Number of protein chains: 2
Amino acid sequence: MSRTDNRADREVVAAMSLGVREQVVDSSRADILRAAATCFMERGYASTSIDDVARSLGATKGRIYHHFPSKADLFAEVFRAGMDMNYQAVEPYRHLPGPALPRWRKMAMVHVVQMIDTKPFQRAVWIGVEMHLRGATTPAQREVFNELLEYRSTYGKLFRETLLQGREEGVFRFDDMSIANQLMFMTLNSPIFWYSPRVGETRSDIEAIARQVVDFAQGGLRGTQENPT
Amino acid sequence: MSRTDNRADREVVAAMSLGVREQVVDSSRADILRAAATCFMERGYASTSIDDVARSLGATKGRIYHHFPSKADLFAEVFRAGMDMNYQAVEPYRHLPGPALPRWRKMAMVHVVQMIDTKPFQRAVWIGVEMHLRGATTPAQREVFNELLEYRSTYGKLFRETLLQGREEGVFRFDDMSIANQLMFMTLNSPIFWYSPRVGETRSDIEAIARQVVDFAQGGLRGTQENPT
DNA sequence: TGATGAACATACTACCGAGTATGTTGTCAA
DNA sequence: TTGACAACATACTCGGTAGTATGTTCATCA
């Protein structure tokens with residue numbers, strides 16, 4: 001209930017003039033977060049040592065512990081940063097007026113592109129959710145985690161509403177809303193596992209990949225026309 | 001290149017009469033594998049200690065190390081057991097004659113039900129694939145892992161052929177075969193993450209869940225009818 | 001029936017990694 | 001210019017864990 005309170009807000013305005021000193025500090029913090037995200041992605045949470053993160057920065061533990069009180073807190077900040085990116089990416093489109101399908105497609109596209117562009121952070125988010133589901137982390141850190149999971153849950157609701165509207169409009173068909181939601185996010189998130197950049201890859205190449213993912217999800221949400229077997 | 005050579009074959013015939021002594025031994029081994037799979041599922045590979053596995057059996061390290069030379073080998077055996085289960089489940093249907101769609105649906109259904117029934121082992125397989133992709137494990141264990149990944153690749157080909165046939169027959173439409181394959185397996189495997197048994201759940205309840213997953217995958221493989229946006 | 005070995009348990013070592021305590025350097029403000 | 005503090009680096013502690021070395025028990029077989 002403190003210390004991490006308004007971190008997100010500060011990051012948002014980080015680019016605004018805050019004096020050179022603060023900018024340097026936040027730049028160093030951001031560097032650590034990026035390095036940590038990459039390490040967590042490559043080795044997982046438990047197998048990533050603080051020394052690993054420091055080494056990938058050409059630094060030592062001292063630098064990390066100067067900015068973050070513990071490994072769990074560092075991880076939590078990476079998690080939060082990843083969620084912030086997602087939220088800011090889809091937020092502009094959540095209130096697009098009109099039918100559900102085009103809005104859903106826009107949100108889904110932005111989401112998938114975000115998975116590709118910020119893969120290390122999104123993998124960390126995934127790891128964090130997995131850890132929470134199996135009840136890792138101490139009771140103390142549990143509190144921080146619960147807030148982050150709530151954050152994620154809120155993000156999920158952005159899609160949930162559009163899913164429901166889409167079902168009413170007949171573009172989506174599914175029995176269990178919960179399962180459909182799981183399957184949809186599983187599909188949209190999957191690039192964090194199998195995507196890796198190709199040499200000479202352009203922006204439209206990435207969008208083509210994202211489009212195929214979104215098409216798959218859309219087809220999945222519509223389900224089979226008639227039910228064989 | 002020894003000691004684990006014909007383990008799989010032996011497990012297959014484990015139920016046959018091999019003398020009481022051998023049955024007891026393999027039973028103890030199987031108990032360890034089950035316990036290990038559950039532990040790996042609950043805490044991941046790195047965070048699972050041999051003592052954890054032993055404790056969940058009401059035993060000590062001695063028992064584990066008597067049957068498995070190392071933690072990595074124990075994990076590899078869990079991996080192999082999971083893949084064995086999958087292969088034996090879908091193998092009877094891979095050569096079903098006729099059009100691709102019904103065969104694909106049967107294979108997919110069996111696969112999904114298998115994910116639900118043997119979730120701990122399948123999570124271990126997932127963890128193993130993740131570990132391999134980021135290059136964990138020592139060069140020595142790498143050899144064993146490569147064989148297991150080859151095994152998994154072979155399993156994937158069972159579906160690949162049917163996917164191609166389905167595309168030719170017009171029931172599936174996708175640009176990139178590799179991506180379609182990833183998305184399909186991502187969907188079919190996803191219950192290992194979000195499924196958890198409900199009280200009083202019947203066999204047909206599980207099949208209803210599996211059907212919804214297969215429907216989603218089928219719709220995804222067919223893609224959108226016309227491509228909006 | 002005594003010896004042998006499988007199937008464990010117990011006790012120990014060696015190392016790694018999170019966290020801490022304490023230096024060191026550069027910068028800014030008075 | 002000097003003192004204070006931020007931003008690190010260095011050097012340590014200490015708990016946990018993989019792996020090992022050594023008992024112990026019980027069944028089987030010669």
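Please read these numbers as outputs of a predicted model, since none were measured by experiment. By convention in this document, chain letters (A, B, ...) are assigned in the order of the sequence lines, proteins followed by strands, and residues within each chain are numbered from 1.
Contacts between residues 40-51 of chain A and DNA chain D, defined by a heavy-atom separation under 4.0 Å, are absent. Contact check of residues 55-65 of chain A against DNA chain C (heavy atom, cut-off under 4.0 Å) returns A/K61, A/Y65.
Atom-to-atom, CG of A/D31 to P of D/dA7 comes out at 13 Å; the value is rounded to the nearest Å. As rounded to whole Å, 12 Å separates atom C1' of D/dA18 from atom CG of B/D52. Atom CD1 in A/I32 sits roughly 10 Å away from atom P in D/dA7 (whole-Å rounding). In this structure, B/R29 places its CZ atom 11 Å from P of C/dA7, rounding to the nearest Å.
Of the side-chain N and O atoms in B/H66, one or more sit less than 4.0 angstrom from OP1 or OP2 of C/dA7. A close approach under 4.0 Å does occur between a side-chain nitrogen or oxygen of A/H67 and OP1 or OP2 of D/dC8. Within the 4.0 Å cut-off from OP1 or OP2 of D/dA7, not a single side-chain nitrogen or oxygen of A/S28 is found.
The distance between the ring centers of A/W126 and B/F193 falls below 6.0 angstrom.
The side chain to side chain donor-acceptor pair (under 3.5 Å) check on A/S178 picks up nothing, with sequence neighbours excluded. Considering only residues two or more places apart in sequence or on other chains, A/S196 meets the side chain to side chain donor-acceptor pair (under 3.5 Å) condition with none of them. For the side chain to side chain donor-acceptor pair (under 3.5 Å) test, no residue two or more places apart in sequence or in another chain qualifies with A/T48. Considering only residues two or more places apart in sequence or on other chains, A/E161 meets the salt bridge (charged side-chain N to carboxylate O under 4.0 Å, His left out) condition with none of them.
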Side chains of residues 149-158 of chain B: which donor-acceptor partners sit under 3.5 Å, not counting sequence neighbours?
residue: B/Y151; atom: OH; partner: B/D84; partner atom: OD1; Å: 2.6
residue: B/T154; atom: OG1; partner: B/E150; partner atom: O; Å: 3.1
residue: B/Y155; atom: OH; partner: B/H111; partner atom: ND1; Å: 2.6

Please tabulate, for side-chain N and O atoms in residues 199-206 of chain A, each donor-acceptor pair with protein atoms closer than 3.5 Å (sequence neighbours left out).
residue: A/E201; atom: OE1; partner: A/Y195; partner atom: OH; Å: 2.6
residue: A/E201; atom: OE1; partner: A/R198; partner atom: N; Å: 3.4
residue: A/T202; atom: OG1; partner: A/S204; partner atom: N; Å: 3.3
residue: A/T202; atom: OG1; partner: A/S204; partner atom: OG; Å: 3.2
residue: A/T202; atom: OG1; partner: A/D205; partner atom: N; Å: 3.2
residue: A/T202; atom: OG1; partner: A/D205; partner atom: OD2; Å: 3.3
residue: A/R203; atom: NH1; partner: A/D117; partner atom: OD1; Å: 3.2
residue: A/R203; atom: NH2; partner: A/D117; partner atom: OD1; Å: 3.3
residue: A/R203; atom: NH2; partner: A/D117; partner atom: OD2; Å: 2.6
residue: A/D205; atom: OD2; partner: A/T202; partner atom: N; Å: 3.0

Using a 3.5 Å cut-off and no angle test, enumerate the donor-acceptor pairs between side-chain atoms of residues 54-63 of chain B and protein atoms at least two apart in sequence or in another chain.
residue: B/R55; atom: NH1; partner: B/D52; partner atom: OD1; Å: 3.2
residue: B/S56; atom: OG; partner: B/V53; partner atom: O; Å: 2.8
residue: B/R63; atom: NE; partner: B/S28; partner atom: OG; Å: 3.3
residue: B/R63; atom: NH2; partner: B/S28; partner atom: OG; Å: 3.1

